[in-house]
Amino acid sequence: MPAESDRAAPGDAVLDRLADVTARAEQAAAAAGRPGQVRVLLATKTVPAERIRVVLAAGHRLIGENRVQELVAKADDLADLDPRTHFIGHLQANKVNAVLPLVRCLETVDDAAFARRLQDRLEVLDRTLDVLVQVNVSGEASKSGVTPEGLPALLRAVAGFDRLRLRGLMTIGLNSPDLEAVRAGYRTLRVLRDRLRDGGLPGVPAPVDPASVTELSMGMSGDYELAVAEGATEVRVGAAVFGARAQPAPAEQPGR
Ligand SMILES: *Cc1c(COP(=O)(O)O)cnc(C)c1O
């Protein structure tokens, strides 16, 4: 039973919008021949804990934070509602220790030295971590992520770190009103994932269990249906559910 304070306030449409986004994502998945194969991760940056509690109390579990400070600040206030939290922002190596206890998946591995840092810390903690490798498919200099050309080398490194469980790939789409160009980037990510899974990336062995590298995290409020049409298994949606952010918060953080 959610606490009284976890109920949506009168006139607060957050749960209606979540239901709408979930239904649209599912419709797009069904239209693409993949019914039931997309999840909605709620991007909760700048959203106060009491607003996040409303969606958690309603049964939604999957959320993502992209700033360490916010992740840490809200974690205690949400813990009793058992969120499944992914980290979706650029993570500085010196923040790894703070983040690892609070997340189930880190979606932004984009460099071998950083992956080594994760491996070392996970050995100390004696645990594993689900990870996605972030790829910069748009070529925008402002975006983090390994280039498609650099992906095989990074995956070879990740394959050597036994504490990292590679689940798939993530990208932040092209920031453009040209939806065809955005979509082409999502297609690129899917092709890379398929080649990885099938052993078609040079020097990268096909995973022992192809079923383990399945995830494609792509698509945000403005384009998630396109991303699902291109194969997204997870869309990361913030504004379409929580409303526009007062301060436009960039999806990217300054360099590590
Ligand atoms: C904020 C954010 C999103 C969601 O963006 P919206 O436009 O609010 O849907 C998705 N991915 C990342 C990495 C983000 O930082």
Can you tell me how far [atom2] of [Y] sits from [atom1] of [X], rounded to the nearest 0.5 angstrom?
| X | Y | atom1 | atom2 | answer |
| --- | --- | --- | --- | --- |
| Thr214 | Asp194 | OG1 | CG | 11.0 Å |
| Leu164 | Arg116 | CG | CZ | 10.0 Å |
| Thr128 | Asp162 | OG1 | CG | 9.5 Å |
| Leu189 | Leu169 | CG | CG | 5.0 Å |
| His90 | Ile172 | NE2 | CD1 | 10.5 Å |
| Leu129 | Gln119 | CG | CD | 10.5 Å |

[X] versus [Y], closest heavy-atom pair with distance:
| X | Y | value |
| --- | --- | --- |
| Val213 | Gly168 | CG1-CA, 4.0 Å |
| His86 | Leu62 | NE2-CD1, 3.5 Å |
| Arg183 | Ala229 | NH2-CB, 3.8 Å |
| Gly231 | Arg190 | CA-CD, 4.3 Å |
| Glu107 | Met170 | O-CB, 3.5 Å |
| Arg127 | Leu100 | NH1-O, 2.8 Å |

Phe242/Val237 under side chain to side chain contact (heavy atoms under 4.5 Å, CB included): CA gap, chis, key distance, verdict:
CA-CA 9 Å; Phe242 294 110; Val237 175; over 6 Å; no
Using modelled atom types and a 3.5 Å cut-off, is there a donor and acceptor pairing between side-chain atoms of Arg104 and backbone atoms of Phe87?
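Answer holds: no.
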For Val40, does its backbone N or O pair with a side-chain atom of Glu234 as donor and acceptor, under 3.5 Å?
no
Please determine whether side chain to side chain contact (heavy atoms under 4.5 Å, CB included) holds for the pair Leu15 and Val55, giving the CA-CA distance in whole Å, both sets of side-chain angles, and the decisive distance to 0.1 Å.
CA-CA 7 Å; Leu15 294 180; Val55 294; 4.0 Å; yes
More than 12 foreign heavy atoms under 6.0 Å from CZ of Arg24: is that the case here?
no
I'd like to know whether CG of Asp130 has more than 12 heavy-atom contacts from other residues, nucleotides or ligands below 6.0 angstrom.
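Enclosed: over 12 neighbouring heavy atoms sit under 6.0 Å from CG of Asp130.
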Between [Y] and [X], is there a salt bridge with N-O shorter than 4.0 Å?
| X | Y | answer |
| --- | --- | --- |
| Lys74 | Asp76 | no |
| Arg39 | Glu215 | yes |
| Arg195 | Asp198 | no |
| Lys143 | Glu140 | yes |
| Arg163 | Asp120 | no |
| Glu65 | Lys45 | no |

Please say yes or no: joined through hydrophobic side-chain contacts below 4.5 Å, possibly via intermediate residues, are Val191 and Met218 part of one cluster?
no
Do [X] and [Y] have side-chain heavy atoms sitting under 4.5 Å apart?
| X | Y | answer |
| --- | --- | --- |
| Asp20 | Val241 | no |
| Arg121 | Val124 | yes |
| Tyr186 | Asp223 | yes |
| Gln92 | Val68 | no |
| His60 | Leu42 | yes |
| Glu26 | Val38 | yes |
| Asn136 | Thr171 | no |
| Leu56 | Ile63 | yes |

Using side-chain contact (heavy atoms from CB on, under 4.5 Å) as the criterion, point out the one residue from Thr44, Val103, Leu41 that pairs with Ile88.
Leu41
Could you verify whether a donor N or O on one side chain and an acceptor N or O on the other, from Ser217 and Arg236, lie under 3.5 Å apart?
yes
What I want to check is whether the side chains of Gln134 and Thr108 have a donor and an acceptor closer together than 3.5 Å.
no
Name the atoms and distances for all side-chain donor-acceptor pairs under 3.5 Å in residues 145-161, with sequence neighbours left out.
unit_1	atom_1	unit_2	atom_2	d
Thr147	OG1	Gly150	N	2.9
Arg156	NH1	Pro202	O	3.0

